[in-house]
Amino acid sequence: MSSAAPHVTGQDHFGPDHLWSVDEHLEDILATVRPLEPIELHLLDAQGCVLVEDITVPVSLPPFDNSSMDGYAVRVADVAGASEEFPAALEVVGDVAAGQAGLLHVGPGQAARIMTGAPLPSGAETIVPVEWTDGGLGEGPVRGMRARSLGPEGATGHVHVYRPAEARAHVRAKGSDVKAGDRALEAGTVLGPPQIALLAAIGRGTVRVRPRPRVVVLSTGSELVQPDTELGTGQIYDSNSFALTAAARDAGAIAYRVGAVADDAETLRSTIEDQLVRADLMVTTGGVSVGAYDVVKEALSHVADEDEAGSGIDFRKLAMQPGKPQGFGSIGPDHTPLLALPGNPVSSYVSFELFVRPAIRTLMGLSDVHRPTTRATLSADKALTSPKGRRQFLRATYADGKVTPVGGAGSHLVAALAHADALITVPEDTESVEPGTDVEVVLLGR
């Protein structure tokens with residue numbers, strides 16, 4: 001199924017020389033990308049997916065009154081006034097274990113030894129923890145029960161109780177967790193471990209969800225080599241594809257990393273075509289600027305299919321720093337959305353946060369696709385300067401209402417990303433921000 005609506009190129013909107021704002025570019029992406037079609041998945045396969053329907057509880061949890069302690073099921077009157085000096089002596093009529101089918105009846109002067117999770121036997125009104133008894137040994141309070149295989153006599157005989165218990169003490173009532181007919185989970189819920197547990201507990205083996213989007217990440221550049229290999233002259237390690245693949249997984253996607261593609265347009269086109277079969281979203285990094293070797297721009301500027309209305313990639317300049325050159329559109333017969341990001345590592349990562357992450361969250365069917373933002377006091381040694389007419393995003397650390405830039409002004413500082421947990425947003429119309437000023441902060445990793 002297509003994950004993008006037919007896309008009208010930016011030239012049709014604004015013309016080829018238009019300087020796009022961040023908001024215009026993001027709005028164009030979110031107007032084109034659409035949620036994936038729902039499918040039915042088994043519970044563990046649905047982890048990380050978004051529900052598309054409300055889930056109603058078919059059976060109450062717990063489905064019966066049961067014990068929350070290992071101990072003895074008794075009648076309240078039989079242990080009233082019990083103490084270590086004057087314990088209540090009760091006849092043990094048997095064991096009640098979790099999952100046991102046949103239930104005992106507890107009459108006056110009787111007790112049933114009961115295990116955690118076992119159903120409350122008829123006649124019993126409360127649970128006395130085993131630590132309040134002699135465990136049937138007649139030697140004062142005990143710390144626990146002996147294993148049945150080692151002491152089968154514990155299910156018979158007599159037990160001394162040294163403390164009284166109120167009615168329904170240590171009893172988990174039927175429906176005390178959720179009742180039949182209650183709404184267990186709402187549509188739009190992301191299924192994590194607690195939600196998976198609840199679905200299993202109410203007997204759901206499968207659930208209808210939007211699948212996690214499949215994102216293919218591809219970096220370009222003849223200078224790129226894989227980690228764990230020796231660098232040659234003029235070469236650098238490919239960090240972008242690792243960063244963006246990890247970021248896509250963090251956003252909720254199933255992400256596939258493709259090794260760096262050399263600066264050859266035909267090779268790039270062929271690689272992308274090969275990857276479309278497993279992609280709901282394609283992300284490239286590098287080759288989108290104005291240089292003679294910007295291979296992504298060369299390879300994808302004219303990929304529109306005459307028989308496929310709305311296909312094609314539009315390359316733009318944005319009023320932002322870092323990340324001015326960007327590309328967006330759809331490719332292939334299914335109009336698979338493709339975002340082409342700059343090759344500079346910081347530009348690439350900032351672009352991912354601003355544009356790719358919301359696209360992934362939209363594919364998932366989430367209503368809130370953005371990172372949380374807050375206002376914070378700028379803590380810095382000097383004023384922040386910003387190019388006039390561009391929105392600037394600076395790596396920063398955030399704590400206790402204060403935000404501090406990291407990595408200086410350079411945009412090539414990969415190490416700065418590893419220490420940043422926020423982005424400072426400087427608006428287009430602001431050329432300088434003084435220390436102590438309140439600024440908008442995008443909180444990463446939250």
Side-chain angles (χ1 to χ4, degrees), residues 21-23 25-27 29-30 48 190 192 239-240 242-253 255 283 285 318-324 326 339 341-342 344-362 364 366-446:
S21 72
V22 172
D23 292 337
H25 185 57
L26 179 59
E27 287 170 6
I29 292 169
L30 297 185
V190 180
S239 64
N240 281 3
F242 286 92
L244 299 184
T245 303
R249 291 176 180 176
D250 183 68
V283 179
T285 173
L318 270 60
M320 65 177 280
Q321 183 179 357
K324 183 178 180 180
Q326 300 282 338
L339 284 94
L341 310 184
N344 172 275
V346 176
S347 299
S348 178
Y349 185 74
V350 170
S351 299
F352 180 95
E353 286 293 332
L354 296 179
F355 307 124
V356 182
R357 190 175 193 276
I360 290 173
R361 308 289 279 180
T362 298
M364 293 176 66
L366 290 167
S367 57
D368 185 3
V369 300
H370 301 289
R371 292 280 197 190
T373 61
T374 189
R375 303 291 297 185
T377 302
L378 177 63
S379 175
D381 297 331
K382 57 183 180 180
L384 302 181
T385 58
S386 180
K388 187 175 181 180
R390 295 189 194 177
R391 191 180 302 184
Q392 189 173 27
F393 298 91
L394 299 171
R395 287 88 59 211
T397 58
Y398 171 83
D400 301 326
K402 294 183 179 181
V403 62
T404 306
V406 296
S411 61
H412 290 75
L413 302 175
V414 182
L417 291 175
H419 301 286
D421 59 7
L423 293 176
I424 300 172
T425 303
V426 182
E428 294 91 333
D429 58 356
T430 303
E431 296 184 48
S432 179
V433 181
E434 297 294 329
T437 304
D438 279 351
V439 292
E440 183 181 55
V441 178
V442 179
L443 301 175
L444 305 177
R446 307 189 188 192

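Keep in mind that this is a model prediction, so the values were computed, not measured.
With rounding to the nearest 0.5 Å, the separation of CG in L378 from OG1 in T404 is 7.5 Å. The distance from atom CZ of R357 to atom CG of L339, rounded to the nearest 0.5 Å, is 14.5 Å. Note that CZ of F393 is 12.0 Å distant from CD1 of I424, once rounded to the nearest 0.5 Å. Taking CG of N344 as the reference point, atom OH of Y349 lies at 14.0 Å (rounded to 0.5 Å). How far CG of D250 is from OG1 of T245: 12.5 Å, rounded to the nearest 0.5 Å. In this structure, the separation between CD on E353 and CG on L444 is 5.0 Å, given to the nearest 0.5 Å.
Side-chain contact between P405 and L384 is present, with at least one heavy-atom pair separated by less than 4.5 Å.
Here the shortest heavy-atom pairing between S432 and A383 reads OG-CB, 3.6 Å. Considering all non-hydrogen atoms of both residues, I360 and A253 come closest at CG2-CB, 3.9 Å. Summarising the geometry of S21 relative to L318, their closest heavy-atom pair is O-CG, 4.3 Å, with the distance given to 0.1 Å. Scanning both residues, R390 and K324, for their nearest heavy atoms gives NH2-NZ, 3.6 Å. T430 approaches S386 most closely through the heavy-atom pair O-CB, 3.3 Å. The minimum heavy-atom distance between R249 and A255, with the atom names listed, is NH2-O, 3.0 Å.
With P387 as reference, Q321 is the one residue of Q321, E431, M320 to meet the side-chain contact (heavy atoms from CB on, under 4.5 Å) rule.
For the residue pair S351 and Q326, a side-chain donor N or O sits within less than 3.5 Å of a side-chain acceptor on the partner.
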Verdict with reasoning, V426 to V439, per side-chain contact (heavy atoms from CB on, under 4.5 Å): CA-CA 7 Å; V426 182; V439 292; 6.0 Å; no
Full working for side-chain contact (heavy atoms from CB on, under 4.5 Å) between L244 and L341: CA-CA 10 Å; L244 299 184; L341 310 184; 4.0 Å; yes
Candidate pair L26 and L354, rule side-chain contact (heavy atoms from CB on, under 4.5 Å), full reasoning: CA-CA 8 Å; L26 179 59; L354 296 179; over 6 Å; no
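Heavy-atom contacts from other residues, nucleotides or ligands closer than 6.0 Å to CG of D381 number 12 or fewer.
No donor-acceptor pair under 3.5 Å is formed between the side chain of R361 and the backbone N or O of H370. Looking at R371, its side chain never comes within 3.5 Å of a backbone N or O of V442 through a donor-acceptor pair. Formation of a donor-acceptor pair under 3.5 Å by the T373 side chain with backbone atoms of V441 is not found in this model. A donor-acceptor distance shorter than 3.5 angstrom exists from the side chain of D421 to the backbone of Y398, with no hydrogens or angles considered.
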